[in-house]
Amino acid sequence: MVLVAAPARSRCATYDGGVTETRKRVLLAKPRGYCAGVDRAVQTVEEALKLYGAPIYVRKQIVHNKHVVSTLEARGAIFVEENEEVPEGSTVIFSAHGVAPEVYEQAKQRSLKAIDATCPLVTKVHHEARRFAAEDYDILLIGHEGHEEVIGTAGEAPAHIQLVDGPDGVDKVTVRDPNKVVWLSQTTLSVDETMETVARLKTRLPLLQSPPSDDICYATQNRQHVVKEIAPECDVVLVVGSRNSSNSVRLVEVALDGGARGGYLIDYASEIQEEWLEGATTVGVTSGASVPDDLVTEVLDHLAERGFADVTEVTTAEERLTFSLPQELKRDMKAAAARTLP
Ligand code: SF4
């Protein structure tokens, strides 16, 4: 773990386990905010707007963040629920959460130009689902019912996949052959709760196989890990993120499980209620994987105005992963650049 006193704010930044610290302070989690998949998805919409011009249609929220969506809307993106709402022949971008194969088919039927902004780490889970289904496995997909990512992954092999929505969903599972069962998961779950679900599944299905590599993505794991680290020191943890953001909601749960007295999810600094801070000396701050850092800066400013000016950034991992833009977009960008050459 690396501790860094955020230079602009810190006057007495120490992270000493909270034993002697009594002055008001903020522990700022790092990593926080944008992950590689969200960055790529947002950039995809921005570049498409520049290249093709507005409007650009986006099926579902490109990432689950109110602020990001309204900013892109202001620039000419139109968010729709289904392909039928997109005029024939238009460009449509599929969100970072992934889509079922039938959604590509519908787009083709409507002659839509589809650009797929699915996070490559979600695509990896789709590949696993297709591979295990081809080998005739029963696939237990651990995830939240109704979440877009789960709908997309389940759509890869509906006849082979059944959803297990947390530990309480284990008793409902039925399989054809207990020797040929594998579990996969949504990328943004609580690591601890998922392990509890798997442990319960294994008491019923001892030969249950695990995914070839972690399905819960690096960004989800890193953001939860640092919150776990700071939570025992915090009276309150503020998580910047939207209510429909699975990974952000999980961060609040991790903070509360980790010992914070209060944990709150907020889209904007203006939502912080004065009573949350009453009697608090240490406030933890983090943000979900779909949250731009300027929203966190506003939260820090809000806290500084209320005496929480000392900020220590607590770093448990460095993230350097980036993903390149979708092929179909890169191809068009290259062609456009070639046309402008003298
Ligand atoms: S949270 Fe993970 S899976 Fe989701 S977009 Fe980010 S990197 Fe990809």
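Treat the numbers as computed from the prediction; the structure is a model and nothing was measured. Counting starts at 1 for both ligands and their atoms, following the listed order.
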Report summary line: Given a cut-off of 2.8 Å, the protein N, O or S atoms lying below it from atom 2 (Fe) of ligand 1 are Cys217 SG
Report task. Determine the interplanar angle of the His147 and His64 rings, folded into 0 to 90°, and report it as parallel if under 30°, tilted if 30 to 60°, perpendicular if over 60°. Result -> perpendicular
Query raised in the report: Once the angle between the rings of His67 and Tyr268 is folded into 0 to 90°, is it parallel (under 30°), tilted (30 to 60°) or perpendicular (over 60°)?
Result: perpendicular
Requested in this report: Just jot down the salt bridge (Lys or Arg N to Asp or Glu O under 4.0 Å) partners of Asp116, sequence neighbours excluded, or say none.
Outcome: none
Query - With Lys60 via salt bridge (Lys or Arg N to Asp or Glu O under 4.0 Å) - residues at least two apart - result: Glu81, Glu82
Requested in this report: Flag the pair Tyr57 / Phe79 as yes when their ring centroid distance falls below 6.0 Å, and as no otherwise.
Outcome: no
Distance-only donor-acceptor pairs under 3.5 Å for side chains of residues 197-208, two or more places apart:
unit_1: Thr197; atom_1: OG1; unit_2: Glu193; atom_2: O; d: 3.0
unit_1: Arg200; atom_1: NH1; unit_2: Pro167; atom_2: O; d: 3.2
unit_1: Thr203; atom_1: OG1; unit_2: Arg200; atom_2: O; d: 2.5
unit_1: Arg204; atom_1: NH1; unit_2: Val170; atom_2: O; d: 2.7
unit_1: Arg204; atom_1: NH1; unit_2: Asp171; atom_2: O; d: 3.4
unit_1: Arg204; atom_1: NH1; unit_2: Val173; atom_2: O; d: 3.1
unit_1: Arg204; atom_1: NH2; unit_2: Val173; atom_2: O; d: 3.0

